[in-house]
**Q** 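First, the structure itself, so that you have it in front of you.
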Amino acid sequence: MTNNKINPQSLRPADLMRLLNTAGLGAVMTEHRLRRHRNRAGYAIGSDKTINLFKYAAWLTQEFFREKPQTKDYFEKKRQANLKSMAAVRAAQDIGELPEVINSERKNISLRSFKTFCETYFAEIFYLNWSDDHLRVIDKIEKAVRHGGLFALAMPRGSGKTVICQVAVVWAALDGAAPFICLIAASAERAQNLLENIKTWLETNPLLHEDFPEVCFPVKCLERIANRQKGQKYLGEPTRIEWSADKIVLPTIAGSKASGVVITSSGMHGSDIRGQQHARPDGRVERPSLVLIDDPQTTESAWSRSQSERRTAILGGDVLGMAGPGKKIAGLMACTVIRPGDMASRILDREKHPDWQGERTKLIYAFPANEILWAKYAELRADSLRNDGDGGIATEFYCEHRLEMDAGAMVAWPERFNPDELSAIQHAMNLKLRDEIAFWSEYQNEPKVEDLGDEMLTIEEIAEKTNGYNRGIIPQDCQHVTMFMDVHQNALYWMIVGWEPNFTGYIVDYGTWPDQRREYFMLRDCQRTIQHVTAGAGLEASTYSALEKLADEKLAIPYYRNDGMELRIERCLIDAGWGQTSDVVYQFCRQSRHAAILSPSHGHYIGASSVPFSEHKRQKGDRMGRHWRIPGSFGSRGCRHVLIDTNYWKTFVHARLGILMGDPGCLSLFGHDSKRHRLIAEHLTAEYRVRTMAFARTVDEWKVRASRPDNHWLDCLVGCAVGASIQGAELATFQSKHIVTRTRIKLSELQRDRRRM
């Protein structure tokens with residue numbers, strides 16, 4: 001114990017804390033707490049340096065028994081604060097009084113006429129004079145909206161068909177002519193873009209804000225903050241406005257024609273379209289009464305007959321049935337005819353779909369009569385562009401001969417041409433010269449019909465021609481097995497076919513290297529490429545490595561017939577026609593351990609006017625077959641190659657695919673499932689034939705379709721068939737040998753004939 005005396009009436013703060021904390025109750029006092037108490041009590045408990053313990057204890061006792069605020073008063077204050085805050089929120093949610101209509105006469109006149117509405121509120125979009133086609137289309141749109149008809153229009157690209165239909169939706173919504181409007185496009189994303197344009201106009205168009213404050217002012221008050229839509233009020237009543245990516249509901253305001261009008265967006269899929277409805281505050285349930293369909297097909301779906309049929313069925317069933325029983329629906333469809341027989345061309349056909357009142361307009365209705373001057377113009381323009389020019393020389397030529405060059409032409413929209421052009425006629429001809437196929441489709445809505453030749457097979461017919469054998473199994477009557485590799489930068493396409501001696505064929509296996517591990521893909525979108533697998537190697541090295549690995553995988557293994565007999569690939573041709581890797585293919589065929597069965601190959605386009613292989617002068621060592629030839633010389637590359645008449649052999653394999661199952665010479669696919677062969681069937685139908693004649697020869701000339709599909713497995717099948725021909729396979733019709741009988745001549749008759757000569 002310390003002997004220091006403590007004066008309780010004059011303690012330093014540190015001594016007071018030590019004294020109190022030694023009472024056995026733990027740390028009852030802290031420096032912060034003591035400082036707070038001294039500040040509150042002041043000099044009532046001590047001086048500025050010392051503390052009187054007795055006065056401090058008395059002060060603490062008074063503080064303990066001092067009357068505290070009632071608990072209910074505290075909660076009451078908190079409640080009042082909350083009410084005040086809620087009132088402030090409600091005041092902020094209420095948009096207050098609507099601005100006055102600036103020009104009610106302008107508003108009423110525009111609502112009565114769709115053409116006036118476009119010219120008044122969207123003058124910055126429709127800044128050129130209307131063409132006769134535009135006026136006819138506008139009149140039909142107004143009729144469809146007012147009276148519930150159906151109208152499909154195909155206009156040249158850039159004529160404004162989509163934006164006209166979008167403005168028609170705004171007009172119909174503001175006038176209340178359509179309580180529920182649905183925007184439909186080829187995909188949901190595209191439809192949302194259409195809706196986004198309408199939302200932007202309602203938010204930013206100044207004239208709409210002046211004349212339609214009952215719609216645009218509540219929209220502006222949202223300030224693009226979607227959460228505000230839930231609590232927005234007008235004069236204390238909810239506006240029930242909705243403002244999302246795929247649906248908007250215009251504000252519910254008494255006296256507004258557009259009160260509660262619904263606009264939604266969806267893709268061209270039955271599941272997205274069916275069942276759309278909206279409950280109004282008065283208890284009514286609205287269903288779509290107007291649909292805007294913008295470009296409902298894609299390029300891919302237009303080239304697929306099944307997809308075109310499916311989308312046409314969705315349009316006729318799901319879309320036109322959206323209004324419900326006993327209700328009439330108005331429909332506007334803006335479309336482009338991509339190919340004959342696609343969805344757009346079917347709907348525009350008034351014989352098949354008279355209800356749609358299809359309108360097919362063109363960029364130019366009559367072409368110029370002076371073809372000679374326009375041919376000269378095309379030559380000048382092409383020369384200028386090839387030499388990094390801008391085509392100005394051709395424009396000068398057109399300016400000099402304009403009267404002669406314009407003679408006979410009739411354009412739909414005289415005001416449509418670019419600043420560097422002199423007229424709409426020149427603009428139309430420039431588009432035609434740039435890409436004639438696209439011109440007839442995109443600007444004339446009359447795509448050129450491809451001459452598909454006679455008896456062309458469809459994708460479905462080929463895919464369904466399966467033989468039931470498992471993949472990799474060779475039927476027991478086969479005696480030859482051939483393979484072909486089609487070389488490309490991203491991947492190698494390959495195929496293996498088993499052949500009977502009479503050219504009955506069985507596609508045993510096919511694929512790509514590297515394996516894409518997908519059911520559907522195209523060469524341009526290969527995800528696993530040769531460069532990806534052979535990282536770090538150049539083009540030539542990676543191609544060589546890919547050929548080597550594919551050959552080891554397929555050529556080194558045995559194949560078994562279903563009777564157990566072992567067969568191996570007898571002949572493998574490799575495409576050597578791609579210039580960048582041609583030398584690599586020759587090198588591989590020369591150096592590979594499978595060199596005995598490998599041959600580089602080159603496809604030749606032998607048309608009707610070309611000299612067939614059979615008429616070529618035969619050199620020493622040449623080997624000639626049915627429309628194929630193997631030159632006798634090894635050449636500078638040290639390897640013999642095969643030349644193939646591709647036109648003949650494409651016709652040959654197409655004929656084999658067309659032969660019924662069971663007949664000699666039939667060609668079929670492995671397995672039972674036709675769906676897995678959909679992609680190869682697209683390759684095998686990627687080209688069409690045109691029968692041509694020249695110099696007394698008739699030849700099927702094969703051309704790639706305008707959509708430029710992949711045709712690589714078609715090349716593989718041709719190569720496999722040529723390989724079988726090299727190994728001795730022959731059609732039964734070609735196997736019979738014609739025996740030439742010679743008439744016996746007597747020696748006396750021969751001598752008599754010589755004397756007469």
**Q** Look at the rings of F670 and H677 and say which category their plane angle falls in: under 30° parallel, 30 to 60° tilted, over 60° perpendicular.
**A**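 Answer is perpendicular, since the angle exceeds 60°.
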
**Q** Taking the inter-plane angle between the rings of H683 and W713 on a 0 to 90° scale, is it parallel (under 30°), tilted (30 to 60°) or perpendicular (over 60°)?
**A**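 Geometry flag for W713 against H683: tilted rings.
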
**Q** Ignoring hydrogens and geometry beyond distance, is a side-chain donor-acceptor pair present between Q727 and H480 at under 3.5 Å?
**A**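 Q727 vs H480: no donor-acceptor pair found between side chains.
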
**Q** Regarding R518 and D525, does a basic nitrogen lie under 4.0 Å from an acidic carboxylate oxygen?
**A**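 The answer is yes: the pair qualifies as a salt bridge.
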
**Q** Does a salt bridge link D583 with R637, judged by any charged N lying under 4.0 Å from a carboxylate O?
**A**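 Here D583 pairs with R637 in a salt bridge, since their nearest N and O are under 4.0 Å apart.
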
**Q** Please report the closest heavy-atom contact between P296 and A334, naming both atoms and the distance.
**A**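 Closest pair (atom of P296, atom of A334, distance): CD-O, 4.1 Å.
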
**Q** Identify whether the distance between the nearest side-chain nitrogen and carboxylate oxygen of K703 and E687 falls below 4.0 Å.
**A**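 Looking at E687 together with K703, the answer is no, because their closest N to O distance does not fall below 4.0 Å.
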
**Q** Between K465 and E461, is there a salt bridge with N-O shorter than 4.0 Å?
**A**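 Salt bridge flag = no for K465 with E461.
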
**Q** Assess whether a salt bridge exists between R568 and E566, defined as any Lys/Arg side-chain N lying under 4.0 Å from an Asp/Glu carboxylate O.
**A**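 Yes, charged N to carboxylate O under 4.0 Å.
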
**Q** Are F613 and Y648 near enough that their ring centres are under 6.0 Å apart?
**A**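 When the ring centroids of F613 and Y648 are compared, they turn out to be at least 6.0 Å apart.
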
**Q** Kindly write out the residues that satisfy ring-ring contact (aromatic ring centres under 6.0 Å, His included) with H602, not counting sequence neighbours, or none if the list is empty.
**A**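 If we apply the ring-ring contact (aromatic ring centres under 6.0 Å, His included) test to H602, skipping adjacent residues, the hits are Y586, H641.
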
**Q** Charged N to carboxylate O under 4.0 angstrom, R360 versus E446?
**A**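 So R360 does not pair with E446 through a salt bridge.
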
**Q** Below 4.5 Å, heavy atoms only, C-beta onward: do Y605 and E701 meet side chain to side chain?
**A**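 Yes, at least one pair of side-chain atoms sits under 4.5 Å.
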
**Q** Using 30° and 60° as the class limits, which term best fits the ring planes of Y493 and H712: parallel, tilted or perpendicular?
**A**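 Tilted.
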
**Q** Is the closest basic N to carboxylate O distance between D552 and R593 below 4.0 Å?
**A**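 Answer for the salt bridge query: yes.
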
**Q** Taking only Lys NZ, Arg NE, NH1 and NH2, and the carboxylate oxygens of Asp or Glu, determine whether R629 and D622 approach each other closer than 4.0 Å.
**A**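 Between D622 and R629 there is a salt bridge, with a charged N closer than 4.0 Å to a carboxylate O.
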
